[in-house]
Number of protein chains: 2
Amino acid sequence: MNYKTKKLITIGIVCEMTGLSERQIRYYEERKLIFPERTKGGTRKYSFNDIESLMDIAEKMDDGMQTFEIKQLHNKNKASAREEMIKGQINARFGQNRAPLDQSDKRL
Amino acid sequence: MNYKTKKLITIGIVCEMTGLSERQIRYYEERKLIFPERTKGGTRKYSFNDIESLMDIAEKMDDGMQTFEIKQLHNKNKASAREEMIKGQINARFGQNRAPLDQSDKRL
DNA sequence: CGTGTAAGGAATTCTGACACG
DNA sequence: CGTGTAAGGAATTCTGACACG
């Protein structure tokens, strides 16, 4: 929603910032690791977050990881994040340190 | 120094975001209201701050202001900012609420 | 699997000029 | 003054394919 998520940057700039080749960047898209948008003409547009993702991907590739492993890892991280959020919500309602219930709930 | 100041965005995207034409954007550059950078090939690159400036410029143009007036106004604002900063520095040294001087200054 | 490259075309941007008002 | 536009060229990006390992 802020500047980092807006897809505005062309692939040439992304190459400069990440040190990756166009070929690499397009391939990572093909492997569903990044999701640029397109102009009406079909030119790819990336966000700052995409650039950060690509730098992270580049590092993992250097470490010998494969694209599908990187995708799995990313999906697991998303799953964990969801889980933590749910835990947080449960805790807010039923945990030890929950806020006192509203009076309207004590109607019995 | 942060995302908003990085010059990465091509003129087509800037047109979309500001509603201005390429002609207008280049003209405002000619009149020294904005200062895009260039790729090696010569393509202009703009920052988020440039886009915000352009939206401000567009509004002032709508109000009937001329480019040189907008530039003057901008320069005055810069001058005021400098003045305020200097005032602040003077106040920090000689004002009522200044911090006590360092011992090393009391050598007489 | 991940990446380089040559190929051909399409989208994007550039400059300098003419036009209007 | 501020902006539109047609013109021609140059830079940028795109896709699909072949190659190597």
Side-chain angles (χ1 to χ4, degrees), chain A residues 6-75, chain B residues 6-75:
Chain A
K6 295 229 170 105
K7 308 258 185 180
L8 307 165
I9 308 171
T10 52
I11 198 166
I13 307 280
V14 177
C15 289
E16 265 185 51
M17 296 190 74
T18 61
L20 297 169
S21 68
E22 294 185 18
R23 184 68 165 96
Q24 287 174 305
I25 294 170
R26 294 198 194 105
Y27 181 67
Y28 300 151
E29 175 184 359
E30 188 184 320
R31 302 310 309 268
K32 311 284 184 191
L33 296 179
I34 45 170
F35 307 92
E37 292 179 358
R38 301 274 189 144
T39 66
K40 290 176 186 177
T43 302
R44 270 170 268 249
K45 297 180 296 180
Y46 302 85
S47 68
F48 281 111
N49 277 344
D50 290 331
I51 289 174
E52 288 183 4
S53 293
L54 281 167
M55 298 196 301
D56 187 56
I57 290 167
E59 198 181 347
K60 289 188 169 56
M61 294 295 291
D62 271 351
D63 294 348
M65 213 176 289
Q66 289 186 302
T67 55
F68 81 95
E69 295 174 303
I70 295 174
K71 187 163 57 167
Q72 282 181 342
L73 182 61
H74 184 238
N75 287 341
Chain B
K6 294 227 170 106
K7 308 259 185 181
L8 307 164
I9 307 172
T10 51
I11 198 166
I13 307 282
V14 177
C15 289
E16 265 184 53
M17 296 189 73
T18 61
L20 297 170
S21 68
E22 295 185 18
R23 184 70 166 94
Q24 289 174 304
I25 294 170
R26 294 199 193 103
Y27 181 67
Y28 300 151
E29 175 185 358
E30 188 184 319
R31 301 310 307 270
K32 312 284 186 191
L33 296 179
I34 45 170
F35 306 92
E37 293 180 357
R38 301 274 188 144
T39 65
K40 290 176 186 177
T43 303
R44 271 169 267 250
K45 298 179 297 181
Y46 302 85
S47 68
F48 282 110
N49 277 343
D50 290 331
I51 291 173
E52 289 184 3
S53 292
L54 281 167
M55 296 194 303
D56 188 57
I57 291 166
E59 197 182 346
K60 290 188 168 57
M61 293 296 288
D62 270 352
D63 293 348
M65 213 177 290
Q66 288 185 300
T67 56
F68 82 95
E69 295 173 303
I70 295 174
K71 186 162 62 170
Q72 281 180 344
L73 181 61
H74 184 239
N75 289 339

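Naming convention: chains lettered A, B, ... in sequence-line order (proteins, then strands); numbering from 1 in each chain.
- Here the straight-line distance linking atom CD1 of B/Ile13 with atom OG1 of A/Thr39 works out to 7.0 Å at 0.5 Å rounding.
- Here the P atom of nucleotide D/dG2 and the CD1 atom of B/Ile25 are 16 Å apart, to the nearest Å.
- Taken from NZ in A/Lys6 to CD1 in B/Ile9, the straight-line distance is 9.0 Å, to the nearest 0.5 Å.
- Considering only side-chain N and O atoms, A/Tyr27 lies nowhere under 4.0 angstrom from the phosphate OP1 or OP2 of C/dT3.
- Residues B/Thr18 and B/Ile51 meet the side-chain proximity criterion, which asks for heavy atoms closer than 4.5 Å.
- Rounded to an integer number of Å, the gap from B/Met65 CE to D/dG2 C1' is 15 Å.
- Summarising the geometry, the separation between CZ on B/Arg31 and C1' on D/dT3 is reported as 13 Å, rounded to the nearest angstrom.
- Residue A/Ser21 has its side chain nearest to C/dG4 when only C/dG2, C/dC14, C/dG4 are considered.
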Starting at the 5' end of DNA chain C, what dot-bracket string do you get if Watson-Crick and G-U pairs under 3.5 Å are bracketed, crossing pairs use [ ], other-strand pairs use | and unpaired bases use dots?
.||||.||.|.|.||.||||.
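- B/Ile70 has its CD1 atom 8 Å from the P atom of D/dG2, to the nearest Å.
- Residues passing the side-chain hydrogen bond (donor to acceptor under 3.5 Å, both in side chains) test with A/Lys60, sequence neighbours excluded: A/Asp56.
- Scanning for side-chain hydrogen bond (donor to acceptor under 3.5 Å, both in side chains) contacts around B/Glu52 gives A/Tyr3, B/Lys4, with sequence neighbours left out.
- Across the protein-nucleic acid pair, A/Ile11 atom CD1 and C/dT12 atom P stand 15 Å apart, rounded to whole Å.
- At a non-hydrogen distance threshold of 4.0 Å, A/Arg38, A/Gly42, A/Thr43, A/Arg44 from residues 33-62 of chain A come into contact with DNA chain D.
- Considering OH of B/Tyr46 and OG1 of B/Thr10, their distance stands at 9.5 Å, rounded to 0.5 Å.
- Residues B/Leu54 and B/Met17 are not in side-chain contact: their nearest non-hydrogen atoms beyond the backbone lie 4.5 Å or more apart.
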Hey, what are the protein-to-nucleotides 5-8 of chain C N/O distances that come in under 3.5 Å?
from, atom 1, to, atom 2, distance (Å)
C/dT5, O4, A/Arg23, NE, 3.3

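- One atom, CD of A/Glu69, and another, C1' of C/dG2, lie 13 Å apart when rounded to the nearest Å.
- The side-chain hydrogen bond (donor to acceptor under 3.5 Å, both in side chains) search around B/Ser47 returns B/Asp50, not counting sequence neighbours.
- Taking A/Lys45 as the reference, nothing meets the salt bridge (Lys or Arg N to Asp or Glu O under 4.0 Å) condition, with sequence neighbours excluded.
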Pairs of donor and acceptor atoms involving the side chains of residues 24-36 of chain B, under 3.5 Å and at least two apart or interchain, shall be tabulated with distances.
from, atom 1, to, atom 2, distance (Å)
B/Gln24, OE1, B/Ser21, N, 2.8
B/Gln24, OE1, B/Ser21, OG, 3.3
B/Arg26, NH2, B/Glu22, OE1, 2.6
B/Tyr27, OH, B/Arg31, NH1, 3.3
B/Glu29, OE1, B/Arg44, NH1, 2.8
B/Arg31, NH1, B/Thr67, OG1, 3.2

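- Whole-Å rounding puts the B/Glu29 CD to D/dT3 P distance at 15 Å.
- For D/dT3, the OP1/OP2 oxygens have a side-chain nitrogen or oxygen of B/Tyr28 closer than 4.0 Å.
- Scanning for side chain to side chain contact (heavy atoms under 4.5 Å, CB included) contacts around A/Glu69 gives A/Met65, A/Gln66, with sequence neighbours left out.
- Using a 4.0 Å heavy-atom distance criterion, B/Arg26 is classed as a base contact.
- OP1 or OP2 of D/dT12 has not a single side-chain nitrogen or oxygen of B/Thr10 nearer than 4.0 Å.
- Between the C1' atom of D/dT12 and the CG atom of A/Leu8 lies a distance of 17 Å, rounded to the nearest Å.
- Remark: A/Ser53 engages no residue in a side-chain hydrogen bond (donor to acceptor under 3.5 Å, both in side chains) (not counting sequence neighbours).
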